[in-house]
Amino acid sequence: MSLNIELLEQSFERVKPYADEFTASFYENLFDTHPEIKLLFNTTDMAKQEKKLLQALALVVENLRSPDVLGQVLSDLGARHVGYGAIAKHYRPFGEAILKTFSQYLEQDWTPELEKAWQEAYRKITFIMLRGAGVESSPKEEILEAPKPEEKTASAASTKTLPELELIPNLSRVELKVELLESSFEKVKPQVDEFAASFYENLFDAHPEVKPLFNTTDMAKQEKKLMQALALVVENLRSPDVLGQVLSNLGARHVGYGAIAKHYRPVGEAILKTFSQYLEQDWTPEVEKAWQDAYRTITFIMLKGAESSQKVPEQEAVALEKPRESKVEKKESQQPQPLIEQQKKSLISIESDGAILKQIERLKTLLSLKQWSEILTKIPGQILETFWVLPVWVVAVGSGVIMTVVFVLIDDNSLFGKVLGGSDAISMVVALVLFIKEAPARQKQFHYQAWSTVDAAHGVKVSNARILALQDLNKDGVSLRGLDVPRGEFVGIDLSSSNLSAANLNQTDFTNANLSHANLDHANLSQTKLSGANLSHATLSFARLSQANLNSANLSSANLICADLSNANMSGVNLKNASLSGSNLKSAYLSGANLKGAKVSISELNGALLEGAIMPDGSKYSSISASSK
């Protein structure tokens, strides 16, 4: 499914002047048609809810051309809506209400083409949000289709599907067009980097469900690996034995990456689509069929290597090249057939029996070695588990007995015997073991005392003990989620990489604080002092920062998606490469701010004061030049 982005953008622009009335009408339509849904909003401030709806719609429309950003936001939104009581069956009523409201406000501009565009957009939104909520759409509900490739040539259009990618019964009769494959691959070689990047774009656009497999992957390295693998395949098409072994091993390795049989079709479709885009007029039906056959063969061998659940009959052997009949074989074929068959059968029987016996012996050896290695590697872990579970008195007695036995058995003249020396050394060893054993209990006690210090300072503006306690808790990896310290003073505090999600930090003073890589999503930072604070790579999505003082703060690469920054003082702030999609920047003071590379639309910046700011494109904003334009 390819969305009609221009139509969606234009129609949304037409309803923007009536934004407040539009959102109010939406909820009227929703509750009139489906009164049972009204219960979900019993405790909701509807004025705020209507603003949230409008922000969400604006975020979707403004990021239609940035699918990666939009996909992440919608996925998170779907996960959060589970907590609000929203379930899969609620999505259709919402969609119907949105379409009805658009039809009311657009009137004669609500054409069948526009209606279809919004229907497709809502299906896609629903699909991603349900995935984020952990709901798998059924085939009937999941109306999303893979995006159609750009029709650069007539033959390119035929690559939108890969017919019968699964292993087919007559695969053994597939003969690959080696010369076509080699020549077509040579043509894309000068653009290998762009080709690899386009392949993953095509794959993730058409099949976003595959993207989580690459969450922890360095994509630059992954793109190089893809091109190396393709080059390896093409260069060894004339050496089927070598290629077969390589692909078999590759299939086995991909099981460890989380790849399963159903992932092979999307990859094949993306490869064919990318070839069609780069070969253009050279992407002929013959070349297309050659690559389809090649990918079926690759899939077949890799799945066999991965020992997929889809078992492949032995007769479905893959023919990379058709072997030629030699003169010797012709002579043999003239011999009496029964005698030849009998000789062949006896030879095969002897060879296979010997091979089977060798394989069995190898397996026995490997299994015994593997079992022993597994047992030996598990022993230290089991000892440690037992050590932490046993009561202290048992550990103390056991340590004393073991050390006494060692002391009795060891030679007094040996180095170890001299080190032990006597009962004092044994007591010291036992004391050390007990000290280690009680370490977790001491840490728990410390955490309890630290939290007690934080709680005791509630309502107190300045508390150095509270600052030290929070820093120590964060260093130990303790989550600070939901921390409630409004109007507190935390000047220069170091809470880097802390989890402060949904924390109430209203009117607090974090001047020159270190909050880099901190998670502050949904936190309340209204009227907070963050002047000179380090918030680089911090997550502040959906955070409330209205009237906050962020003068000269470092927010480079920070995530500020849908954050409320209205009336905030952001003069001289570093927002380089930050994500500001859907954020509220109304009356925000951004004089002298650095927005280079930031993900934010011009419409989102319209309400901000930007004199002297460096814009996302690297240009310097000037009200004089802007007015002249």
Side-chain angles (χ1 to χ4, degrees), residues 66-68 146-153 155-160 162 165 176-208 210-240 242-251 253-254 257-259 263-302 305 320:
S66 305
D68 292 340
K148 293 180 182 178
E150 295 176 12
E151 296 186 5
K152 293 184 177 178
T153 65
S155 61
S158 63
T159 63
K160 65 180 177 182
L162 183 60
L165 185 63
L176 302 183
K177 304 291 183 184
V178 178
E179 288 183 6
L180 269 180
L181 295 169
E182 288 174 337
S183 61
S184 58
F185 186 68
E186 281 298 317
K187 288 170 186 171
V188 301
K189 262 189 175 180
Q191 298 171 286
V192 286
D193 295 337
E194 297 88 345
F195 183 94
S198 297
F199 162 77
Y200 284 107
E201 283 176 15
N202 292 331
L203 177 63
F204 298 152
D205 284 349
H207 297 276
V210 177
K211 198 169 185 181
L213 293 174
F214 299 87
N215 276 348
T216 58
T217 305
D218 183 332
M219 289 309 295
K221 290 182 180 177
Q222 184 62 29
E223 288 166 8
K224 285 183 181 177
K225 284 182 182 178
L226 168 73
M227 296 315 296
Q228 285 169 355
L230 273 175
L232 185 67
V233 169
V234 175
E235 288 165 7
N236 284 283
L237 286 168
R238 300 180 190 275
S239 306
V242 175
L243 183 59
Q245 187 59 51
V246 169
L247 290 174
S248 183
N249 294 339
L250 198 63
R253 279 204 307 278
H254 272 69
Y257 307 149
H263 292 146
Y264 282 77
R265 176 182 283 276
V267 171
E269 290 171 353
I271 285 174
L272 293 187
K273 180 178 178 181
T274 313
F275 267 114
S276 74
Q277 290 169 339
Y278 280 77
L279 290 174
E280 296 181 329
Q281 68 272 15
D282 293 327
W283 183 248
T284 62
E286 292 80 14
V287 175
E288 181 184 4
K289 187 176 186 303
W291 276 104
Q292 284 177 352
D293 291 343
Y295 191 74
R296 290 193 191 99
T297 304
I298 292 165
T299 302
F300 177 84
I301 301 170
M302 286 183 70
L320 289 177

message = To the nearest 0.5 Å, what is the distance between NZ on Lys224 and CE on Met219?
response = 13.5 Å
ask   = When rounded to the nearest 0.5 angstrom, what is the spacing between CD in Glu182 and CG in Leu237?
value = 6.0 Å
ask   = Does the distance from a Lys or Arg side-chain N to an Asp or Glu carboxylate O, for Glu286 and Lys289, drop under 4.0 Å?
value = no
request  = Identify the heavy atoms of Glu223 and Ala197 that sit nearest to each other, and give their distance.
outcome  = OE2-CA, 3.7 Å
ask   = Atom CD in Glu288, atom CG in Asp293: separation rounded to 0.5 Å?
value = 10.5 Å
inquiry  = Given 3.5 Å as the limit, does a donor-acceptor pair link the side chain of Tyr278 with the main chain of Glu194, or not?
reply    = yes
ask   = Nearest 0.5 Å, what's the OH-CG distance between Tyr200 and Asp205?
value = 14.5 Å
query = Are Tyr295 and Val267 close enough that some pair of their side-chain heavy atoms sits under 4.5 Å apart?
reply = yes
request  = Could you label the plane-to-plane angle of the Trp283 and Phe275 rings as parallel, tilted or perpendicular, counting under 30° as parallel and over 60° as perpendicular?
outcome  = parallel
ask   = Between Met227 and Phe185, does a side-chain contact (heavy atoms from CB on, under 4.5 Å) hold up when you go through it step by step?
value = CA-CA 10 Å; Met227 296 315 296; Phe185 186 68; 4.1 Å; yes
key: Separation of Ile271 CD1 from Leu226 CG (nearest 0.5 Å)   = 6.5 Å
task = Using a cut-off of 6.0 Å, state whether more than 12 heavy atoms not belonging to Lys177 lie near its atom NZ.
result = no
ask   = Which of these passes side chain to side chain contact (heavy atoms under 4.5 Å, CB included) with Thr274: Val188, Leu279, Asn202, Leu203?
value = Asn202
